[in-house]
Amino acid sequence: MKLTKYLSVGAALTLLPTFALAQDAAPSFDEIGPYIMTTLLFLVGGFLVFWMAAGFAMLEAGLVRSKNVAMQLTKNIALFSIAAIMYWLVGFNLMYPGDFNGYFALNFVPTVLEPVGLSASDAALDYASVASDFFFQLMFVAATASIVSGALAERIKLWPFLIFVVILTGLMYPISGSWQWGGGWLSELGFSDFAGSTIVHSVGGWAALAGALILGPRLGKYKDGKTVPMPGSNLALATLGTFILWLGWFGFNGGSQLAAGTVGDITDVGRIFANTNMAASAGAVTALILTQILYKKVDLTMVLNGALAGLVSITAEPLAPSLFGALLTGAVGGVIVVFTVPMLDKFKIDDVVGAIPVHLFAGIWGTLAVAFYTGNWGAQITGIIAYGVFTFVISLVVWTILKGVMGIRVTEEAEINGLDMAELGMEAYPDFSKG
Amino acid sequence: MKLTKYLSVGAALTLLPTFALAQDAAPSFDEIGPYIMTTLLFLVGGFLVFWMAAGFAMLEAGLVRSKNVAMQLTKNIALFSIAAIMYWLVGFNLMYPGDFNGYFALNFVPTVLEPVGLSASDAALDYASVASDFFFQLMFVAATASIVSGALAERIKLWPFLIFVVILTGLMYPISGSWQWGGGWLSELGFSDFAGSTIVHSVGGWAALAGALILGPRLGKYKDGKTVPMPGSNLALATLGTFILWLGWFGFNGGSQLAAGTVGDITDVGRIFANTNMAASAGAVTALILTQILYKKVDLTMVLNGALAGLVSITAEPLAPSLFGALLTGAVGGVIVVFTVPMLDKFKIDDVVGAIPVHLFAGIWGTLAVAFYTGNWGAQITGIIAYGVFTFVISLVVWTILKGVMGIRVTEEAEINGLDMAELGMEAYPDFSKG
Amino acid sequence: MKLTKYLSVGAALTLLPTFALAQDAAPSFDEIGPYIMTTLLFLVGGFLVFWMAAGFAMLEAGLVRSKNVAMQLTKNIALFSIAAIMYWLVGFNLMYPGDFNGYFALNFVPTVLEPVGLSASDAALDYASVASDFFFQLMFVAATASIVSGALAERIKLWPFLIFVVILTGLMYPISGSWQWGGGWLSELGFSDFAGSTIVHSVGGWAALAGALILGPRLGKYKDGKTVPMPGSNLALATLGTFILWLGWFGFNGGSQLAAGTVGDITDVGRIFANTNMAASAGAVTALILTQILYKKVDLTMVLNGALAGLVSITAEPLAPSLFGALLTGAVGGVIVVFTVPMLDKFKIDDVVGAIPVHLFAGIWGTLAVAFYTGNWGAQITGIIAYGVFTFVISLVVWTILKGVMGIRVTEEAEINGLDMAELGMEAYPDFSKG
């Protein structure tokens, strides 16, 4: 659970004097071992979640048409970089402000790391290094932004999108995140979201949904009441992206144990790994079987999204379930994707990569399912609604302003010719004839 | 060596009362450090071996023709997911049954993990968490199934293949695995296979060979006594897949040390990493030089398979050799690949990606080579034959039954048009003209 | 800092008798914990840096034209394998010779690892296992060679290039590396290069620059005083490669802390991770904004190279800067790339992937910038010049000899038709029509 984190980050600053270790003797591993192991957990977990940025990039590059691939790649590397800077500049301290009113912290200060060569007596020995914690947490905000880029692909302008990313990663995500992981009002209420089915994935999904509504569908996507398929240009990349995300998710969920230096904690991390893998597998197999039954043909992109929906579903509670519970949780995620992808098309909401079914709908399911373990249905529903209303409404406002001020959609001509040539002046695959 | 594992898994259930740690005092790192480090080894090793699933997917997607890429990707993500579920459902407990007759354990029960927040007094402190062990081991069974999918690519139907995967991962692999890693008759005999040259790789290779024989070669592969080259559609993906497998292999072999919490164990893990890397490098360089000499041109796919053959070769004993020994072991693997790939074609056995030379032939070599260190040639040969006969015969039977009951081969028309459109109704690269 | 490493490697051989641990009692974690953690750091750091080999391969395969992709892949897997063998054969002991004259050690012996099952009393408990150290260090030399392959792509013959790699990885890199990391004259002088902005990246860049001068530009690259764009064939691969390199860099810089078993060391590793990520992000965002301003269009390949230049820039000192310092360091790297890529073209120096701006120019900047923290400008400048003169001059000589003896450039016909068909007789993407 991320609940206690905000205490510890504060502890590094406020509780230091209370550590009265003798400076003369080297501290024993009984004192420092947990700190070292948890810091290591954040570093390994962090680089795994970093890797998810590549996963989103490959998934999205594989699912857009070839004429928009370079733009999708540009958006992905840019959004990650911007998220990293914004989270340092204001996000991290907005999200983990220490003692605050529970709703919003006026804590607009950049992140400061510990000094080089920290001594054990100056360290938050009950937790981990601030740098490792910061490194781990910033990867999560980047994931949120990646979700948006996939849904709005193939028609949004680069710079308005990046401005939205600035606001999402610097303000929206950290403020709503502080309600729970920063020790705010939702954590007081008993809401539970272990690694972020809601706080990360649904938030990304809500922002994407608002954007998709304001932006409108791609040209020609809905014609005479029918949905025109616009198949992705490179399913090998999309599959690679899915495998990368799956791998990164071990860090996403496992690292969110926030401790690795006791028998109980490291064993729990193992349990989380096993459950995470099971939910992904169950989501994939469910989509495999369902698409065979419904369409008489297996749909690879549904299988990929089934695996991802399984992962999102288990993210709110990857620790408590048994392996069988994880299987059920992930399987429901797979069902959700198979039924809600065409449903969105019915409403003419054009989500290029299926990000809204995977991250928003499966995220809601996963967050709700936590109540099977906690019993606190009220808190789960409150949290889901709170994140939804906050993120969706603010996103609507921001997208509307961006639309009014600078326009968020490329010209028809640019959309038809592809954003790569129109906005970047380059192609992703210049050597190959288009079919 | 994996030999002692079955004891430890049992230990978590049976030996717990003998740990008489005081519940009051926090256990010291001297007591819990090795458990934490070994659990961490399994988690890191496990995610690295998980990553090999992506490696097989990319390697195979790169080596099939573009019309069959989406199918190959579907098979790979599906087989991994099925393996994960089957190994939980029956595989893990069939393979590590604790005390059993040494040949076959009637132990058809799903895997159960430790409770959340395990206390040190309830943990198998001489080993690692059950969840981490399960997580690590299930990645190996998935590798076995991946080997089969590569060899049988471009002509096998999706569902019969997946049914075979169910049987392979739920029954065949775990039962034969129990003979050695479960403490069965082969481990009693002194057979040695550190990380699975035979138990994982040759088993996959034998199952693939049986399938290739029953299935027959691709249409037009052997014509008028000649082998018609059918080049892979994307060598960049194939190379990426090879690098992914190489990376994953550090977890595959290193994690198989099964311990990381003493100076001796962590040093051994380092030795295994260095030897594994050396064998892969030697296999690649050998294939590079040999193809230059034999064909006057370097063959990239041979170099890739040379690296993989080096990796398979060192897998049976990555610890004992010196770096020079590892170089020799891997180099022989490279030689094997260069000479046996065309040999299979002579016998009209159509192995699309070279899986049989890499995993079966180099696996036999690697397993035999262990006897240079143990001296026990009889045990090594017995083990190689036992795994070969068991896996090959049962695979032949299963493939034959599947062929009779539902057919295992797509229609000629589907094969010519590509499995992607015929079986999935989608293409991997729809935007690009085919040359 | 890598400064103390040569002591420790020697320590494993010479100081062993001074460890007088009781053989009877198991050593406590206070004694062995740091050794275990640092060994683990090298293993995790090492596999991350290994992964960079895949990153270079994908980056370069994506940035060359499709007719040269298979050759670029072949070069990358071959150069890694050769580097691994050469560094074992002579490199490692040339670079870390223990006590030597500070300029050149006559220490031509292959690397020998510790025995299996090392006891704590025989281990260099103040450092890490030799195998893990060797594994980690050899990954760095491979990175150096990868830099060369990118710059000289699309026109150099395979075998002369590989012979250069033999000399670079077996002799040039280890000898100049010993000046600093082996405890030689530059380390005596106070030169500082934490993880190798100069020792790894600039050395690769100097060797590449010498090669580019001797080899000449690609046919048709500079025509009538104009630079003809030759766009890369697969920007998705190039982006993937960049993300892989970024991920691997956490191991590159983080592992170069060379210790992880104290509060100070593991906290420093976390600081390095955070700074490394910040510098990459700043480099990418800088190139994003600059190309928009200068060219009115964002240039994806510049953004990718901006991220990489940020990473190279922070490599000489990833620990001392604050996050803001890391941002500035990386941003300057991004500026350098945007301005020096066209500058090289002005001088008709044809660097296919931008390796010289990224690795040489940003490497010089990063190394210089260390003096903001150490104040020792003289030592930094001396080091930069020493590595430059040594590597550039010897490279010029070697390339010239290779050119005279066997020729280093493919025929005009081969260059026009592509190196894949001419030198390998295979294509990377045979199924796709060329546009």
Side-chain angles (χ1 to χ4, degrees), chain A residues 26-29 32-33 35-36 39-40 42-44 46-47 50-51 53-54 57-58 61-62 69-70 73-74 76-78 80-82 84-85 88 110-114 116-120 123 125 129 131-132 134-135 138 158 234 237 240 423-434, chain C residues 28-30 33 37 40 44 48 65-67 231-236 239-240 242-244 246-247 250-251 254 260-264 266-271 273-274 277-278 280-285 288 292 295 297-301 303-304 307 319-320 322-324 327 429 432-435:
Chain A
S28 81
F29 247 76
I32 64 171
Y35 175 94
I36 290 175
T39 299
L40 182 68
F42 284 155
L43 296 179
V44 173
F47 77 62
F50 164 81
W51 188 222
M58 293 302 111
V69 170
L73 296 165
T74 304
N76 271 277
I77 197 160
F80 180 87
S81 301
I82 290 170
I85 293 171
W88 156 73
T111 305
V112 174
L113 306 180
E114 301 100 331
V116 174
L118 192 71
S119 71
L125 289 182
S129 93
S132 67
F134 167 73
F135 177 76
L138 85 79
L158 177 61
N234 193 327
L237 277 192
L240 176 65
E423 292 236 306
L424 300 177
M426 58 185 5
E427 291 180 273
Y429 308 112
D431 285 8
F432 303 103
S433 317
K434 303 308 179 284
Chain C
S28 82
F29 245 75
D30 293 343
M37 293 307 298
L40 183 68
V44 173
L48 287 173
R65 289 165 293 174
S66 59
K67 63 186 176 183
S233 55
N234 193 328
L235 297 188
T239 304
L240 176 65
T242 303
F243 273 117
I244 292 174
W246 192 327
L247 172 58
F250 297 125
T262 68
V263 164
I266 196 79
T267 305
D268 284 356
V269 175
R271 191 177 168 101
F273 272 51
N277 193 64
M278 179 58 97
S281 299
V285 169
L288 183 87
Q292 175 70 43
Y295 307 122
K297 294 202 173 186
V298 168
D299 183 324
L300 172 57
T301 60
V303 175
L304 301 180
L319 177 58
S322 67
L323 284 167
F324 186 59
L327 183 148
Y429 307 112
F432 304 102
S433 317
K434 303 308 178 283

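The sequence lines fix the lettering, A, B, ..., with proteins before strands; numbering per chain opens at 1. From a predicted model like this one, the values you see are computed outputs, not experimental measurements.
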* Asked: At their closest point, which heavy atom of A/P430 faces which heavy atom of C/P231, and how far apart are they?
  -> CG-CB, 4.1 Å
* To do: Go through A/P110, A/A53, A/G33, A/G62 and name the one with the most non-hydrogen pairs under 4.5 angstrom from chain C.
  => A/A53
* Taking the side chain as every heavy atom from C-beta outward, state whether A/M426 and C/D299 have any atom pair closer than 4.5 Å. => yes
* To do: Flag the one option from A/L138, A/L424, A/T111 with the top tally of heavy-atom pairs under 4.5 Å to chain C.
  => A/L424
* Asked: For C/L327, is it the side chain, the backbone, both, or neither that has a heavy atom closer than 4.5 Å to a heavy atom of chain A?
  -> side chain
* Got a sec, which residues hit side chain to side chain contact (heavy atoms under 4.5 Å, CB included) with A/S28, two or more places apart in sequence or on another chain? -> A/D30, A/E31, C/D30
* How far apart are the C-alpha atoms of C/Y429 and A/D431, what are their side-chain angles, what is the distance that settles it, and do they pass the side chain to side chain contact (heavy atoms under 4.5 Å, CB included) test? -> CA-CA 11 Å; C/Y429 307 112; A/D431 285 8; over 6 Å; no
* Which of parallel (below 30°), tilted (30 to 60°) and perpendicular (above 60°) describes A/F50 and C/W246? -> tilted
* **For chain A, the option from C/T242, C/T262, C/L40 that forms the most heavy-atom pairs under 4.5 Å** => C/T262
* Structure fact -> Closest non-hydrogen contact found for A/A70 with C/L300 is O-CD2, 3.7 Å
* Which heavy atom of C/A236 sits nearest a heavy atom of A/V69, and at what distance? -> CB-CG1, 4.4 Å
* Side chains of C/V44 and A/F47: does their closest heavy-atom pair fall under 4.5 Å? -> yes
* Heavy-atom proximity to chain A below 4.5 Å, by part of C/D268 -> side chain
* To do: Assert yes or no for the condition that the ring centre distance of C/F273 to A/F135 is strictly below 6.0 Å.
  => yes
* What residues, two or more places apart in sequence or in another chain, satisfy salt bridge (Lys or Arg N to Asp or Glu O under 4.0 Å) together with A/E427? -> A/K434
* C/A284 versus A/S81, closest heavy-atom pair with distance -> CB-OG, 3.4 Å
* Structure fact -> Separation between CD1 (A/I77) and OG1 (C/T239), nearest 0.5 Å, reads 6.5 Å
* Structure fact -> Of all heavy-atom pairs linking A/F432 and C/S233, the shortest is CE1-O, 3.7 Å
* Of the listed residues (A/T74, A/V112, A/L43, A/T39), which shares the most heavy-atom pairs with chain C below a 4.5 Å separation? -> A/L43
* To do: Check whether C/S66 gets within reach of chain A through its side chain, its backbone, both or neither, counting any heavy atom under 4.5 Å.
  => both
* **side chain to side chain contact (heavy atoms under 4.5 Å, CB included) evaluation trace for A/L118 with C/R271** => CA-CA 11 Å; A/L118 192 71; C/R271 191 177 168 101; over 6 Å; no
* Structure fact -> If one checks every heavy atom of C/F29 against chain A at 4.5 Å, the contacting part turns out to be both
* Walk me through it: do A/I32 and C/I266 pass the test side chain to side chain contact (heavy atoms under 4.5 Å, CB included)? => CA-CA 11 Å; A/I32 64 171; C/I266 196 79; over 6 Å; no
* Side chain, backbone, both or neither: which part of A/I82 has an atom under 4.5 Å from a heavy atom of chain C? -> both
* Residue part contacting chain A, namely of C/Y295, when any heavy atom lies under 4.5 Å -> neither
* To do: Give, for atom CG of C/N234 and atom CG of A/N234, the distance between the pair rounded to the nearest 0.5 Å.
  => 7.5 Å
* Asked: Step by step, would you call A/W51 with C/I244 a side chain to side chain contact (heavy atoms under 4.5 Å, CB included)?
  -> CA-CA 8 Å; A/W51 188 222; C/I244 292 174; 3.5 Å; yes
